[in-house]
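In what follows, residues are counted from 1 in the order of the sequence shown. Order of listing sets the numbers, starting from 1, for every ligand and every atom in it.
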Amino acid sequence: MGFVPPPEWRDPEAIRAKQSELLPQAVRRAAQSPAYRKKFADAGLDPSSVRGLDDLRRLPLTTKEDLRREMPYGFLAVPLREVLRMHYSSGTTGIATAVYHTRGDLDRWAECCARGMQIVGAGPEDVFQNMMGYGLFTGGLGLHYAAERIGCMTIPAGSGNTARQVHLLRTFGVTVIHILPSYAARVLAYCREQGLDPAGDLALRTAHVGAEPHSEDTRRRIEQAFDIKVYNCFGLSEMQGPGVAMECEAQDGLHVWGDHFIVEILHPETLEPLPEGEEGELVLTTLTREAMPLLRYRTRDLTRLIPGICPCGLAHPRVARLTGRTDDMIIVKGVNIYPLQVEQVLMRVPEFGSNWQIVLETAGELDDMIVKVELRPGVGFDDMRELDALRQRVIQDLRAELLVTPKLQVLEPNALPIAEGKAQRVLDNREQPEPDEEAAGDKHGSG
Ligand code: ADP
Ligand code: ZN
């Protein structure tokens, strides 16, 4: 009855052979765009000399700055009349860029997302509520078409309006959702405020979560509270949107669909390839996209390749949970910090709820880092000394993880703002020095 993956998905050699066959075609398609014609000429590369996977490293890298420079149509590789849709990246780290889709691209995008839903058991029996924003953001439409393709009754709820979301979940016996992990925390808090049992009163079975970094402890919290399985789902507008890599039952890394994308992990500074297992920048090549093929695209996301074949048997390469983006990194008192490190410490503390924020201030010559976190609803302290002891313990754990001693503010539930879309974890109120020319325009957009 269930979904049976085709045999070639279990064979790493078959996947590599497919990539070798598709790469030269992808390069030839890319060469139809003015931007790649220029890039190939600059690199002295004859696109027809690319014969297979062994030629991958001869291709120039593509960056977000390239996309911005060539807006709106420089990377378009087909006549406009073949384009059915455009999406805009969320613009989390600066000016948004446009991505185009032919009919075939939309079809394959739905296929990639559908696979990820099917390998964890979704099918026609399921009722799927999509709680991602619809519109220019790719988060919504990606899994929407996938769910319809595999026959789920699909509820296009979109983002926000938590009361209505919960009403829909209950009324229609929703079994599968797609949701931002930060918003799942909000839905959970709402259920508790309303006296609902998020496990017993809902029929949920699985959640696909993604679009923003989150820790393993955050996943476990959502799983335990709703009594469901939570699967990580990764994607970016430039590649298509969600469904570039999705987790299987093993929950040990995300499978990147090898017949559509090539994965490389490069050292973020030297850009040298890193050995399997070492963390670096994720670089992706589209193999099948028509409207806007991208070659060796620097995602700026950090992860590592997981060696070996997955316990689920699929040979599509696996990347580990993403730890953030190179441009998420904040420098506090000269130390490099990724917001996810803070989340990892906070989400291990059962007294804390799931909403948190980092505020950076200038204090004289130094930076002040203030970590704000809410108490879980229902948690109280009779004796303030207990709360103080907890605070001291968490500050020590944060210092051990970050090598910087932050201040810690423990707040009442719902004290922190909730973002409409992706959570805004860092508020940088520091006085900024004059930006040097290279860094200008790009670095400070995510604060
Ligand atoms: P923007 O780059 O402007 O946020 P997108 O909506 O295309 O626009 O977002 C893609 C980015 O979101 C990825 O590059 C990555 O940084 C982040 N992201 C997506 N899915 C995940 C995930 N499962 N875990 C961590 N980060 C994710
Ligand atoms: Zn697997």
message = So Gln240 and His260, do their side chains get closer than 4.5 Å, heavy atoms only?
response =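 Answer no - side chains too far apart.
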
ask   = At a non-hydrogen distance cut-off of under 4.0 Å, which region of Cys233 contacts ligand 1 (side chain, backbone, both, or neither)?
value =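 Near ligand 1, Cys233 shows its backbone, while the atoms from C-beta on stay back.
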
query = Is ligand 1 under 4.0 Å from a heavy atom in the side chain of Leu236, in the backbone, in both, or in neither?
reply =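 Both parts.
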
task = Apply the test side chain to side chain donor-acceptor pair (under 3.5 Å) to residues Arg221 and Ser354: give CA-CA distance (whole Å), side-chain angles for both, the deciding distance (0.1 Å), then the verdict.
result = CA-CA 9 Å; Arg221 277 177 172 231; Ser354 297; 3.3 Å; yes

Run the numbers for me: atoms of ligand 1, each under 4.0 Å from some heavy atom of [X], listed by number.
X	value
Leu322	25 (C)
Gly210	23 (N)
Pro213	25 (C), 26 (N)

Please indicate whether any nitrogen or oxygen in [X] is less than 3.5 Å from any nitrogen or oxygen in ligand 1.
X	result
Leu254	no
Asn232	yes
Asp301	yes

key: Non-hydrogen atom of Lys422 closer than 4.0 Å to ligand 1   =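 For ligand 1, residue contact (heavy atoms, under 4.0 Å) with Lys422 is present.
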
request  = Check whether any heavy atom of Thr138 sits under 4.0 Å from an atom of ligand 1.
outcome  =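 For ligand 1, residue contact (heavy atoms, under 4.0 Å) with Thr138 is absent.
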
ask   = Nearest heavy atom to atom 27 (C) of ligand 1: which of His214, Met132, Glu212 does it belong to?
value =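 Answer by nearest heavy atom: Glu212.
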
request  = Tell me yes or no: between the side chains of Glu249 and Tyr231, is some donor less than 3.5 Å from an acceptor?
outcome  =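 Checked: Glu249/Tyr231 side chains pair up, N/O donor to acceptor below 3.5 Å.
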
ask   = Going by atom types only, do Asn130 and His144 share a side-chain donor-acceptor pair under 3.5 Å?
value =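 Judged by distance alone, the side chains do not pair up.
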
query = Salt bridge or not for Arg69 and Asp66, using N-O below 4.0 Å?
reply =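 Looking at Asp66 together with Arg69, the answer is yes, because their closest N to O distance falls below 4.0 Å.
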
task = Identify whether the distance between the nearest side-chain nitrogen and carboxylate oxygen of Arg58 and Asp55 falls below 4.0 Å.
result =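 Looking at Arg58 and Asp55, the cut-off is met.
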
query = Can you tell me the angle formed at the Zn ion (ligand 2) by SG of Cys310 and SG of Cys248, to 10°?
reply =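 Taking the Zn ion (ligand 2) as the apex, the two atoms subtend 110°.
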
task = For a side-chain hydrogen bond (donor to acceptor under 3.5 Å, both in side chains) with Arg300, tell me which candidate from Thr326, Asp327, Asp328 qualifies.
result =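 Only match with Arg300 under side-chain hydrogen bond (donor to acceptor under 3.5 Å, both in side chains): Asp327.
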
request  = Among Glu247, His214, Gln224, find the one that has a side-chain hydrogen bond (donor to acceptor under 3.5 Å, both in side chains) with Arg219.
outcome  =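 Between Arg219 and the candidates, side-chain hydrogen bond (donor to acceptor under 3.5 Å, both in side chains) is satisfied uniquely by Glu247.
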
ask   = With the Zn ion (ligand 2) as the point of reference, which N/O/S atom of His255 is the closest?
value =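 Of all N, O or S atoms belonging to His255, NE2 is the one nearest the Zn ion (ligand 2).
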
query = Is the distance between the ring centroids of Tyr73 and Tyr100 under 6.0 Å?
reply =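 Judged by ring-centre distance (under 6.0 Å), Tyr73 and Tyr100 do meet the cut-off.
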
